[in-house]
Structures are given as structure tokens and as C-alpha cells.
Amino acid sequence: MLDRDLIRRHPDTVRHGIARKRLDVSIVDQFLAADEQWRATLLELERAQAESNRISKNIGKLMAEGKRDEAEAAKAETRDLKARIAELEAESRTHEDALRQIELDMPNLPHDSVPDGDADTIFQVVREGGHLRQFDFTPAAHWDLAERLHLVDFARGAKIAGSGFPVYVGAGARLLRAVITFMVNFQTERGYQEVFPPYLVNRASLVGTGQLPKFEEDLYASTDDLFLIPTAEVPITNLYRDEILDADALPIRLCGYSACFRREAGAAGKDTRGLQRLHQFDKVEMVKFATPETSYAELETMTDDAVAVLEALQLPYRVIEICANDIGAKGSKQYDVEVYSPAMEKWLEVSSCSNFEAYQSRRANIRYRPEPGAKPEFVHILNGSALGIPRVYSTILETFQRADGTIEVPAVLQPYFGGGHLGG
RNA sequence: GGAGAGAUCGCAUAGUGGUCUAGUGCGCCGCACUCGAAAUGCGGUGUGGGGCAACUCACCGUGGGUUCGAAUCCCACUCUCUCCGCCA
């Protein structure tokens with residue numbers, strides 16, 4: 001959601017930003033029209049309510065003075081007014097709902113620092129690190145390694161749940177837990193407070209972070225109007241929904257592990273081999289609540305925090321800045337962190353770090369008080385993966401495989417895994 | 001799952017149909033007193049919307065209803081607490 005006053009006063013600024021994202025700018029005019037209608041109706045409604053309040057208050061006074069006849073006369077007077085108010089209330093609500101719907105669909109604007117893209121350019125590489133390993137044998141793909149060493153049972157996962165629900169077994173399960181614990185501890189030591197959230201959330205939470213109302217078909221729904229979380233971003237960000245935060249507490253830096261559930265509707269068949277794209281997967285997520293003054297600096301350090309995990313694991317990576325035409329609707333600025341798969345010979349996204357500015361905080365109503373006694377302002381909210389685990393996991397298998405078929409466990413994971421290698 | 005109690009302006013409480021545009025205490029802010037502090041006194045102190053000034057509307061867990069008028073009465077729901085049952 002954007003600031004209503006910004007859209008009213010500077011519609012061209014909003015149109016320009018939406019155009020940079022290559023999204024439909026006509027939503028601005030839809031907003032302005034709906035807003036006009038709503039405000040006109042509201043004005044009329046409030047006039048009628050003020051009149052009604054005045055009369056009712058007077059009736060009370062007349063009753064107290066014992067002037068029953070005059071009171072009865074006043075009651076009769078309000079009959080038409082009452083009907084009119086009911087009418088206007090309904091009308092106003094209709095207009096407000098329409099406005100709200102448009103507002104929830106309105107994308108965020110890209111930050112000035114975000115480069116424009118074009119049909120061929122959707123990102124810029126801003127940083128690279130590590131060395132691509134040179135193999136003196138042909139590296140096997142992670143799904144072959146996983147099967148050969150009995151780390152992941154894809155077939156039985158498909159049997160008990162469906163494709164995209166891998167079962168990690170034996171040393172494979174142990175390695176998964178090692179990676180999760182390593183990542184959470186790693187970020188906790190870098191100043192994030194750990195959160196272990198619920199895996200189901202209500203509708204209001206998903207509206208708060210922007211998954212609803214637009215993307216309901218991407219979510220697994222449960223009974224009781226609860227949904228399985230597609231990312232820990234949802235529960236963690238919504239921890240402070242409808243709250244006013246203490247300015248002294250900012251920035252708040254949280255991280256948490258969760259399983260993530262995505263229907264991936266429409267993505268079937270594309271890059272789904274092995275652990276690349278799953279319906280259930282594990283991820284450690286970072287969420288920050290910051291003042292507008294510091295949010296862009298926080299985005300840089302958050303991205304560094306994601307990168308640091310790969311450095312610790314000694315995996316080659318690159319950081320790309322997403323151009324305006326490919327940033328998600330919610331974000332103002334976005335960096336993706338990618339890791340290199342030597343067997344598939346391509347870069348895999350393992351983190352996406354975004355500053356949403358006040359887009360989510362307006363939806364979720366999360367504010368802070370800049371000064372004691374000052375009016376509350378919306379906080380800036382950021383999030384990023386630290387990291388998406390299956391692609392890191394698969395890259396570890398591929399990158400650290402040896403000619404004899406075993407796999408070396410990265411040094412930082414060994415204390416968690418309790419051993420130096422897989423297989424053999 | 002069953003029975004009961006509760007949800008009021010940061011906290012605690014009052015309020016059971018008409019100056020409640022919600023009282024009081026604590027906390028907080030300002031001022032006075034003081035060398036300073038404490039104590040004391042006085043004043044102020046919620047959120048959101050529209051106008052963006054005067055002003056006005058809404059909000060007493062949420063949503064409906066009754067009424068000229070609802071924090072107050074009725075219905076449904078949510079959450080919290082107590083007890084019982086069940087259970088990892």
C-alpha cells in the first residue's frame with residue numbers, strides 16, 4: 001500500500017514508478033476515481049450523523065426536563081434522517097471497500113537508486129565472491145548424489161505426499177538439520193533475535209505482508225481459514241501487526257527457521273528436478289523493522305548477512321541487483337544472492353533481500369513513534385532469506401563431491417553434523 | 001469437546017440506556033514551589049478518517065441487531081483465565 005496523500009497529490013510520480021516496473025498504470029486513475037467517490041459520500045454521511053447526534057442529544061435533555069411532548073416530536077423528526085444515514089453508510093462502505101481493494105492491488109514504487117531494465121536486462125551483477133571449483137572429473141548432479149548415498153528419498157516422498165515433497169533420510173536428514181542449525185546460529189551471532197514461528201497463519205497476516213488478496217492460488221489453505229506459510233516472512237513480520245513500536249527499539253532484527261509451503265501453481269515442469277523447486281522446503285529468514293533513515297543501510301547489511309553464510313560455507317556466489325522491471329510488486333529495492341551449481345552449470349537464487357519501505361507496514365499497520373509524544377509513523381520493513389536451504393544443500397553436495405563418490409562436509413558444518421564426510 | 005468468568009483511553013480500575021465529546025488512580029509531559037531533588041499544587045496526556053483552519057465523524061475485543069440515542073440491552077464470533085474431558 002502507498003500513502004494515499006502521495007497518490008492524490010502526486011499521481012504522476014506514482015504513474016512513473018509503476019511504469020518503471022512495467023506494470024499497469026491505469027490503477028492510479030482507478031484509485032483517484034474511487035477515492036473521489038468515497039470522500040464525497042463520507043462528507044454527506046458525516047453531515048447527516050452530526051445532525052442526528054445533535055437531535056438525539058437534545059431529546060435526552062428534553063426528557064430530563066420532563067418535556068415529553070417535545071421529545072416525541074423530535075423523535076419523529078429523525079425518522080427520515082435515520083433512513084438516510086443507513087443509506088449513506090452502505091454507500092460509503094461500498095466505496096471504501098472498492099478503494100481498499102484497489103489500494104491492496106497497487107504495487108510499491110521502485111527506489112530512485114534502482115536501475116531501469118529492458119527486455120534483455122533484468123538485473124546487474126553487483127558483487128561476486130569465492131572461486132568456481134575446477135573438477136578433474138565430471139561432477140554428478142545433486143539428485144544422483146542424493147540417491148546414490150541415500151540422502152533423499154524422492155520416490156517415497158511422492159508416494160506419501162506428492163512430487164515436490166522430498167524425504168530426507170539418514171545422513172541426509174542429519175545434514176539438513178546441521179545446515180538449519182548452523183544458519184540460525186550464524187545469524188543469531190550476527191545480532192538477529194531468533195523466532196520460531198507457527199506454520200499456519202490467518203488471512204489478516206497474509207494481507208499484511210502482501211500475499212493476499214492477489215495470490216491466494218499460490219497458497220495451501222487449511223480449514224478454519226488458516227493457510228500454510230509460504231515463508232517465515234509472513235508470521236515474523238506480522239508479529240508486530242497493529243502495534244506501535246518504541247523508536248529506541250529500532251532497528252529490530254529477527255531471524256527464524258521455518259518450513260515453507262508453496263503450491264507453485266503454473267510452475268510445474270520448470271526446473272523441478274531434484275531439490276530445485278519444491279512444495280515444501282526449509283528456509284531461514286531475516287526480517288528487519290527500521291526507521292526510514294536507516295532502512296537502505298539495513299538492506300546492505302542484510303544482504304551482507306546472507307552472503308556471509310555462503311562465504312562461511314565456501315560456496316562461490318554472486319549478488320545481483322534486480323532492475324525496476326523485475327522487482328516484485330511489493331519491493332522498493334531488491335538484491336538476490338545466487339550460488340553456482342557446478343553440475344547444472346547455472347546460478348541458483350538462494351536469497352532475495354528487499355526493502356519494502358512502508359508498503360507492508362501500511363498493510364499490517366506497524367508503526368513507531370519517532371519522538372516521545374510525536375505522531376506514529378510507519379516503519380520500514382525489510383526481509384531476506386538466509387538462506388533458502390534446498391539449493392544450498394544441493395550445491396554443497398555437488399560442490400564438495402569427490403572422485404570416489406563421497407562428499408566432504410564443509411568445515412563450519414562439521415560440528416553440527418558430527419563428521420567430516422558423507423558416504424564411504 | 002463440556003461448564004463457568006472475563007475483554008473499557010500505556011497500566012490498574014469505575015461505568016448496566018441520555019452532560020460518557022468515558023470518570024478516577026498510577027505512569028508520562030509541561031509549569032509552579034525548591035539551591036537541587038523528593039513531596040505537593042496546577043494544566044496537559046489515545047487512534048484513525050474527512051477538511052487539512054475552525055470543525056467534524058468513527059472507535060470501550062470483532063461483527064451484526066434493538067433504540068431517536070448503546071461501553072451499557074440482544075445475537076454470533078475471537079481471544080484470555082479457571083475447572084472437567086481428551087491428547088503429542
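A, B, ... follow the sequence lines: proteins, then strands. Residue 1 opens every chain.
- Ion pairing between a basic and an acidic side chain is recognised when a charged N comes within 4.0 Å of a carboxylate O; A:E243 and A:R367 show no such pairing.
- A:R39 has no side-chain polar atom (N or O) that falls below the 4.0 Å cut-off from OP1 or OP2 of B:C57.
- Taking atom P in both B:U47 and B:A22, the straight-line distance is 14 Å, to the nearest Å.
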Under the side chain to side chain contact (heavy atoms under 4.5 Å, CB included) criterion, do A:E349 and A:I320 qualify, and how do the steps go?
CA-CA 10 Å; A:E349 179 194 324; A:I320 62 178; over 6 Å; no
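- Comment: A:R262 does not engage A:D218 in a salt bridge, judged by the lack of any side-chain N to carboxylate O separation of less than 4.0 angstrom.
- Between A:E217 and A:R263, none of the side-chain N atoms (NZ, or NE/NH1/NH2) sits under 4.0 Å from a carboxylate O, so this pair counts as no salt bridge.
- Comparing the C1' positions of B:G27 and B:C9 gives a spacing of 13 Å, expressed to the nearest Å.
- Taking side-chain N and O atoms only, A:N53 has a distance below 4.0 Å to OP1 or OP2 of B:C57.
- Checking B:C52 for Watson-Crick or G-U wobble geometry (two distances, each under 3.5 Å) identifies no partner in any strand.
- Here B:U82 sits opposite B:A3 as a Watson-Crick or G-U wobble pair (both hydrogen-bonding atom distances under 3.5 Å).
- Contact check, A:R93 against B:G64: a side-chain N or O comes under 4.0 Å of OP1 or OP2.
- Of the two residues near RNA chain B, A:R54 and A:I244, the one whose nearest nucleotide lies more 5' is A:I244.
- Rounded to an integer number of Å, the gap from CD of A:E46 to P of B:U21 is 17 Å.
- For the pair A:P376 and A:L45, nearest-nucleotide mapping onto RNA chain B gives the more 5' position to A:P376.
- Using atom P as the reference point in both B:G23 and B:C60, the two lie 15 Å apart (nearest Å).
- The listed nucleotides are B:U47, B:C52, B:G50; the one nearest the side chain of A:R9 is B:C52.
- Between the P atoms of B:C81 and B:A88, the separation comes to 22 Å (whole Å).
- The nearest whole Å value for the distance from the CD atom in A:E243 to the C1' atom in B:G46 is 16 Å.
- Among the heavy atoms of the strands lying under 4.0 Å from A:R367 are primed sugar atoms or P, OP1, OP2 only; no base atom is included.
- Counting any heavy atom pair closer than 4.0 Å across all strands shown, A:I59 reaches a base atom.
- Taking atom CZ on A:R241 and atom P on B:U47, their separation rounds to 21 Å, with Å as the unit.
- If you take CD1 of A:I366 and P of B:U47, they are 18 Å apart, rounded to a whole angstrom.
- For B:G85 and B:U16, the C1' atoms lie 35 Å apart once the distance is rounded to whole Å.
- B:C55 and B:G64 have their P atoms separated by 31 Å, with the value rounded to a whole Å.
- Within 4.0 Å of A:A74, counting heavy atoms only, lies no atom of the nucleic acid at all.
- The CD-P distance, from A:E44 to B:C57, rounds to 16 Å in whole Å.
- Using the Watson-Crick or G-U wobble rule with both distances under 3.5 Å, B:U19 pairs with nothing in any strand shown.
- Using the Watson-Crick or G-U wobble rule with both distances under 3.5 Å, B:U45 pairs with B:G27.
- With distances taken from any side-chain atom of A:W38 to the nucleotides B:G48, B:G50, B:C68, the minimum falls on B:G50.
- Among the nucleotides B:C68, B:G50, B:U56, the one closest to the side chain of A:K75 is B:C68.
- B:A71 and B:G61 are spaced 10 Å apart, taking the P atom of each and rounding to whole Å.
- Searching all strands for a Watson-Crick or G-U wobble partner of B:U40 with both distances below 3.5 Å returns B:A32.
- Within 6.0 Å of CG on A:D118 lie more than 12 heavy atoms contributed by other residues, nucleotides or ligands.
- Which of B:A58, B:U21, B:G18 sits closest to the side chain of A:K57 comes down to B:U21.
- Across all strands shown, B:C87 forms no Watson-Crick or G-U wobble pair with both key distances under 3.5 Å.
- Residues A:Y393 and A:Y168 place their aromatic rings such that the two centres sit under 6.0 Å apart.
- Across all strands shown, B:U67 remains unpaired; no Watson-Crick or G-U wobble contact has both distances below 3.5 Å.
- Taking the ring centroids of A:Y296 and A:H111, they lie under the 6.0 Å cut-off.
- For the C1' atom pair drawn from B:U62 and B:A53, the interatomic distance equals 36 Å after rounding to whole Å.
- Distances shown here put every side-chain N or O of A:R369 at or beyond 4.0 Å from the OP1 or OP2 atom of B:U45.
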